[in-house]
Amino acid sequence: MGGARDPDAVARRLGHPDARALILHLPLRHLDETRLTPLAEASPGEFAQVEGVIRRAEVQRRPRQQLVVEVGDEAGTGLLFFRLLHFYPSQVAQLQAGARVRLLGEVRPGFFGAEMVHPQFRLVRPGTPLPDRLTPIYPAVAGLSQQAIRQAVASSLATADLADSLPDALLEKLGLPGFAAALERLHHPAPGSDLAALESRTDPAWRRIQFDELLAQQLSLRLAARRRHALRAPILAGGGGLHSRLLAALPFPLTRAQGRALAEIHSDLARAHPMNRLLQGDVGSGKTLVAALAALPALECGGQVGVMAPTEILAEQLYLKFREWLAPLGLEVVWLSAATKGKARRQALDALAAGTARVAVGTHALFQAGVVFHKLVLAIVDEQHRFGVAQRLALREKGQLPKEEQGSVPHLLMMSATPIPRSLAMSYYADLDVSVIDELPPGRTPIATRLVSLNRRDEVVGRLRDYCLSGAQAYWVCPLVEESEKLQLRAAEDSHAELAALLPELRVGLVHGRMKPDGKAAVMAAFKAGEIHLLVATTVIEVGVDVPNAALMVIDHAERYGLAQLHQLRGRVGRGQRESTCLLLYGEPLSDTAKRRLRVIKENADGFAIAREDLHLRGPGEFLGARQSGQQILRFADLERDEDLLDQARQVAEHLLDGHPGAVERHLQRWLPHGLDYLRA
Ligand code: ADP
Ligand code: MG
């Protein structure tokens with residue numbers, strides 16, 4: 001196969017754009033073929049390479065079919081058997097008495113003496129030299145041999161420009177090897193190298209590569225930040241009249257944490273470059289109100305505000321809140337989602353284009369083609385991490401203002417209940433300012449979380465009856481069916497039918513993702529008004545839903561849910577004066593990770609602790625929403641393990657950007673030749 005030899009073709013089969021990328025196609029581990037252990041000294045338990053002459057080879061039929069080969073040394077003192085349980089006729093023909101073989105494998109005590117089962121073997125002539133480097137084992141794909149990969153990698157190493165992107169003095173200070181030396185050591189380590197350090201990726205050569213990768217990430221983030229700082233944005237500092245009117249109308253004062261976050265946002269808005277701020281606060285901490293207050297300076301300056309949420313139901317909740325708070329101030333709030341059609345849509349679009357509508361709330365439909373704002377000055381994105389990368393990018397691009405203000409982009413405020421762990425905050429989110437609401441409004445009751453086996457479901461249903469008849473309300477979250485929306489719908493309908501039959505004295509409602517927005521809104525409104533006792537729901541209620549009188553939640557088959565989802569779901573209760581409970585019904589047997597997840601949820605109320613565990617259990621890719629983009633995040637570095645390198649990379653990035661533009665360019669060219677747009681989303 002001539003094609004397989006072409007380094008570009010090999011690179012593409014391995015998922016790289018071209019052969020140049022092969023220098024960073026790094027081995028998983030290595031084999032030591034540089035030494036021969038004398039046959040007589042090959043002792044059981046050892047992983048060794050031996051060489052000898054075949055004395056005898058025969059296919060045995062019992063106890064099962066196998067090829068047994070007896071190998072001896074010249075002196076006649078050493079003897080070793082090797083057995084192949086699967087073999088080809090060509091191998092039987094090859095392994096004849098008198099042939100010389102080199103074997104690599106684990107020596108085991110066998111029936112007749114020392115033996116190897118399925119070693120790596122090849123025929124050699126006497127005196128065939130041993131390799132002088134360890135043999136790399138590369139990540140491979142089916143149909144591509146290690147040999148083909150080794151050749152392609154070696155040829156790209158031979159032709160590539162391996163000049164260091166970093167100054168010598170810097171490397172010396174960091175105690176890291178040069179780039180070329182590091183690659184040489186990883187691909188072709190010298191005999192006697194520490195194989196364990198290479199395999200565990202703790203060898204200094206690995207550290208250099210990990211550092212480089214983290215540095216590239218820091219550089220590109222910082223460049224994005226500098227580009228953003230070079231952009232202009234409208235200065236939004238109003239007189240504060242609307243602000244005091246809204247505060248006066250509220251039945252409660254802001255918490256201290258809300259006030260602090262709001263002050264930070266207001267000071268960003270008063271500057272001439274675009275805000276890029278994340279408002280982070282646990283579920284129920286009151287982010288929506290802060291967002292509404294954040295919009296006021298924009299509105300006082302005559303601008304428009306777009307508010308976007310990832311699901312219809314959450315967007316509707318935001319819409320209702322914004323309208324409740326802003327309409328009395330004479331500000332028109334419009335609703336826009338993909339489902340807004342016909343006349344309603346035309347009216348909303350006209351009002352936005354004319355500027356009579358001051359605030360638009362909706363799903364991502366808000367920032368799609370055909371929606372024109374008269375003067376958008378602030379975009380607010382709730383539960384930002386749940387948006388795909390592409391949607392976040394689209395939002396950024398949308399932000400063009402009318403002609404007279406060209407070159408000016410809107411401010412951006414994002415909100416999330418999922419805290420960003422420190423390692424991610426320092427890397428992917430390094431270009432983000434963060435405000436934290438670290439305090440819940442007063443009077444909240446802690447939520448008691450209990451694990452209950454599904455064997456006791458009847459008991460739970462009985463308890464629900466008493467609970468709801470006493471005047472309280474409850475949620476029943478039905479089992480998660482990830483495979484298909486249809487099956488999920490069926491599961492929700494089944495749960496609803498069953499509970500309605502078991503609890504005839506209660507009014508049982510149903511809300512799920514496939515319902516029309518009107519239908520959903522009607523059910524939610526009825527639940528909020530207390531007309532429904534028990535609301536059977538899918539994860540559509542995961543975020544934002546706010547019904548203080550509902551203080552009991554049952555999650556059916558809780559073991560199917562992820563940590564973040566469980567925490568979000570549970571956050572629907574504990575919002576009023578009632579003592580709140582969350583029952584996690586689990587099916588048996590539980591897998592180890594499911595057990596661990598449920599324990600984390602039971603023992604932690606704090607979103608930070610849960611997010612940390614979540615990152616630990618799932619890795620950063622899912623957290624960042626990069627799964628949707630199909631892009632790899634970090635190939636070599638591990639944000640948790642390599643936190644020290646990350647700290648260094650941050651400092652070095654600043655240093656290089658300030659004084660070594662050539663190094664910055666060389667480094668990014670090597671590591672991010674195609675850019676990494678999603679980092680800026
Ligand atoms: P989240 O941060 O999860 O989005 P919400 O904004 O939905 O939380 O707020 C949860 C509930 O707390 C809402 O009913 C809201 O009106 C209420 N709330 C917000 N701020 C305060 C406050 N300072 N004091 C009392 N209740 C508040
Ligand atoms: Mg919210």
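Counting starts at 1 for both ligands and their atoms, in listed order. When a residue number appears, it is its place in the shown sequence, counting from 1.
For the residue pair Glu264/His266, the side-chain donor-acceptor check at 3.5 Å is not satisfied. There is no side-chain donor-acceptor pair under 3.5 Å between Asn604 and His567. For the 3.5 Å distance criterion, the side chains of Arg450 and Thr581 fail to qualify, holding no donor opposite an acceptor.
Put simply, part of Pro253 is less than 4.0 Å from ligand 1, judged by heavy atoms. Within the structure, ligand 1 lacks Met415 among the residues with a heavy atom less than 4.0 angstrom away. Proximity of Gly281 to ligand 1 is not established, as no heavy-atom distance is less than 4.0 Å.
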Stepwise salt bridge (Lys or Arg N to Asp or Glu O under 4.0 Å) test for Lys287 and Asp382
CA-CA 9 Å; Lys287 296 184 290 293; Asp382 200 3; 5.8 Å; no
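Contacts between Gln258 and ligand 1, counted as non-hydrogen atom pairs separated by less than 4.0 Å, involve the side chain only.
In terms of polar-atom proximity, Gly284 is counted as a contact of ligand 1, with an N or O under 3.5 Å from an N or O of the ligand. Residue Leu289 has no N or O atom closer than 3.5 Å to an N or O atom of ligand 1. Looking at Trp325 next to ligand 1, no N or O pair under 3.5 Å apart turns up.
Those atoms of ligand 1 that come under 4.0 Å of a heavy atom in Thr288, given as number and element, are 4 (O), 5 (P), 6 (O), 7 (O). Taking every non-hydrogen atom of Lys321 and a distance limit under 4.0 Å, the qualifying atoms of ligand 1 come out as 13 (C), 14 (O), 15 (C), 16 (O). The contact set between ligand 1 and Leu254, taken as ligand atoms under 4.0 Å from a residue heavy atom, comprises 23 (N). Within ligand 1, the atoms closer than 4.0 Å to a non-hydrogen atom of Thr255 are 23 (N), numbered from 1 in the order shown.
For the pair Arg578 (side chain) and Val573 (backbone), a donor-acceptor distance under 3.5 Å is absent. Although no hydrogens or angles enter the test, the distance criterion places no donor-acceptor pair under 3.5 Å between the side chain of Glu505 and the main chain of Arg465.
In summary, Arg507 and Glu531 do not engage in a salt bridge, as defined by a charged side-chain N under 4.0 Å from a carboxylate O.
Applying the side chain to side chain donor-acceptor pair (under 3.5 Å) test to every pair with at least one member in residues 242-256, sequence neighbours left out, gives these pairs: Thr255-Gln258.
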